[in-house]
Number of protein chains: 2
Amino acid sequence: MTDDHIMTIREMCDAFDVTPRTLRFYEAKELLFPIREGQKRLFTKRDRARLKLILRGKRFGFSLEEIRQLLDLYHMGDQQQTQLARTYEIAQQRLSDMEAQRDELNQAIDELKEQMRWGEKMLASMDQNKRAAE
Amino acid sequence: MTDDHIMTIREMCDAFDVTPRTLRFYEAKELLFPIREGQKRLFTKRDRARLKLILRGKRFGFSLEEIRQLLDLYHMGDQQQTQLARTYEIAQQRLSDMEAQRDELNQAIDELKEQMRWGEKMLASMDQNKRAAE
DNA sequence: CGTCTGAGTTACGTCAACGTAAATTCCCAT
DNA sequence: ATGGGAATTTACGTTGACGTAACTCAGACG
């Protein structure tokens, strides 16, 4: 299977469109744990899964630290009752944050549109004045 | 009139809920131009108008640099045809950016909700297992 | 054997918008 | 004159997520 394929840092970068720096940075932040064969890093299926979650987390607006905590909870032991519930809590919190953010954004958009209607009228009247002056 | 009232930095801070540091910072960035009487800064109606626009701009998600450019265009000379049109352009660009951002956010929210339904099922089934094990 | 490539480490740089601390100066009231 | 309370300047600190040198090391190739 290509499933347990072990990848070099370059393969990872190409596969996920990130830089080597990013992968090393994530390792330093304990988000990834590639195998160290000699000097080189080797990334397994596990790392790919984690990276996939990391990138998704970033799309969701989680910070790397939050993502690390979520990954820790996720890949931890077997009494995941409280853990998973906690994960769920964090995600729920994040969700309401995001919805609030969206609402703010919508409001800002509305205000800006209002401003721009103003600008339109301005432009139109100035255009008239301009033609009247010719 | 209270309109051409000249305000100290403290009055400004109280009126707009910002810190002195912020006002000095804006001056350093050439967003504000308070009168310098001796050592002190005195803020006029013009400064209040600009600050109002600055804070509004921030709510819209403009960077200070963008706001500075907009203010420069806005308060500039008298052939504002092109200038105002440019301002309008920039605002329009910013608007579409914001809408794109909102759409991304909405998508992320949807995805996250999907994940969380997963989490719910997980929790529910684990809860069943738990009770079955008692 | 030389060198080229790819990977590695270390560590400082970046960007935004201020916060914060230290030292100084200013005017005013006691 | 002497505090006391503003305001000032200068300049380093903060946060997050990497970018970007600079230098070393290990195989592979011709």
Side-chain angles (χ1 to χ4, degrees), chain A residues 5-44 47 50-72 90 94 97-98 101 104 108, chain B residues 6-44 47 50-71 90 94 97-98 101 104 108:
Chain A
H5 177 50
I6 283 181
M7 296 171 78
T8 72
I9 201 170
R10 186 99 302 277
E11 290 176 312
M12 287 291 279
C13 291
D14 294 344
F16 291 92
D17 193 35
V18 294
T19 69
R21 177 71 176 99
T22 299
L23 295 178
R24 299 193 192 106
F25 184 76
Y26 288 170
E27 184 185 0
K29 292 286 175 179
E30 303 191 275
L31 290 157
L32 294 177
F33 306 96
I35 305 168
R36 303 303 293 264
E37 181 164 321
Q39 282 293 31
K40 310 201 167 179
R41 293 166 172 82
L42 295 177
F43 298 82
T44 70
D47 298 305
R50 291 178 74 96
L51 183 52
K52 211 176 288 184
L53 290 176
I54 292 169
L55 297 179
R56 174 179 295 173
K58 294 205 60 181
R59 290 210 317 280
F60 290 167
F62 288 93
S63 71
L64 289 185
E65 174 54 21
E66 289 172 319
I67 292 173
R68 192 188 60 72
Q69 292 177 22
L70 290 175
L71 283 175
D72 283 357
I90 297 181
R94 181 72 203 141
D97 285 356
M98 286 167 62
Q101 191 182 335
E104 270 187 61
Chain B
I6 285 181
M7 296 172 78
T8 71
I9 202 171
R10 185 99 306 274
E11 290 175 313
M12 286 292 279
C13 291
D14 294 344
F16 291 93
D17 193 36
V18 295
T19 70
R21 179 69 176 98
T22 300
L23 295 178
R24 298 193 193 105
F25 183 77
Y26 289 170
E27 184 185 359
K29 291 287 175 179
E30 303 191 275
L31 289 159
L32 294 178
F33 306 96
I35 305 168
R36 302 303 294 269
E37 181 165 318
Q39 283 291 32
K40 311 202 165 177
R41 293 167 173 80
L42 295 178
F43 298 83
T44 70
D47 296 306
R50 291 179 74 96
L51 182 53
K52 212 176 287 184
L53 290 175
I54 292 168
L55 297 179
R56 173 178 296 172
K58 294 205 62 181
R59 291 212 315 280
F60 291 166
F62 288 93
S63 71
L64 289 186
E65 174 55 22
E66 289 172 318
I67 292 173
R68 193 187 59 74
Q69 292 176 23
L70 290 175
L71 283 175
I90 297 181
R94 181 76 203 137
D97 284 357
M98 287 167 61
Q101 191 182 335
E104 270 187 60

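Chain A is the first sequence line, chain B the second, and so forth, proteins listed ahead of strands; every chain is numbered from 1. Just so it is clear, the values below take in all heavy atoms, side chains as well, and ignore hydrogens, waters and symmetry mates. As the structure is a prediction and not an experimental result, all values here were calculated from the model.
Here B/Lys40 pairs with nothing under the side-chain contact (heavy atoms from CB on, under 4.5 Å) rule; sequence neighbours left out. Judged as a side-chain hydrogen bond (donor to acceptor under 3.5 Å, both in side chains), and not counting sequence neighbours, A/Thr8 has no contacts.
In this structure, A/Asp47 CG and A/Met12 CE are separated by 6.0 Å, a value rounded to the nearest 0.5 Å. One distance of note links OG1 of B/Thr44 with CE of B/Met7; it measures 11.0 Å at 0.5 Å rounding.
Between the CZ atom of A/Arg68 and the P atom of D/dG16 there is a distance of 13 Å, given to the nearest Å. Separating the CZ atom of A/Phe25 from the C1' atom of D/dC18 is a distance of 6 Å, rounded to the nearest angstrom. Whole-Å rounding puts the A/Phe62 CZ to D/dG16 P distance at 16 Å. At whole-Å resolution of the value, CD1 in B/Ile9 and C1' in D/dA6 are 10 Å apart.
The stretch residues 12-20 of chain B does not touch DNA chain D, since none of its heavy atoms comes less than 4.0 Å from the strand. Of the residues in residues 29-44 of chain A, A/Arg36, A/Gln39, A/Lys40, A/Arg41 come within less than 4.0 Å of DNA chain C through at least one heavy atom, sorted by number.
Between B/Glu30 and B/Arg68 there is a side-chain heavy-atom pair separated by less than 4.5 Å. A 4.5 Å side-chain heavy-atom check between B/Leu32 and B/Ile54 finds at least one atom pair inside the cut-off. Two residues are said to be in side-chain contact when any heavy atoms from C-beta on lie closer than 4.5 Å; B/Phe16 and B/Leu23 fail this criterion.
In terms of heavy-atom proximity, B/Val18 sits nearest to B/Cys13 at O-CB, 3.1 Å. For the pair B/Leu64 and B/Lys58, the tightest heavy-atom approach, listed with the atom from each and the gap, is CD2-CD, 4.2 Å. Nearest heavy-atom pair, B/Phe33 versus B/Arg50, reported as atom, atom and distance to 0.1 Å: CE1-NH2, 3.7 Å.
Here salt bridge (Lys or Arg N to Asp or Glu O under 4.0 Å) pairs that include residues 11-24 of chain A, with residues two or more places apart or in two chains, are A/Arg10-A/Asp14.
Checking B/Arg24 against A/Glu65, the closest nucleotide of DNA chain D that is more toward the 5' end is the one next to B/Arg24. Toward the 5' end of DNA chain D, the nearer of the two residues B/Arg10 and A/Ser63, judged by each one's closest nucleotide, is B/Arg10.
Scanning DNA chain C 5' to 3' for nucleotides with an atom closer than 4.0 angstrom to a non-hydrogen atom of chain B gives a first and last hit of C/dA17 to C/dT20.
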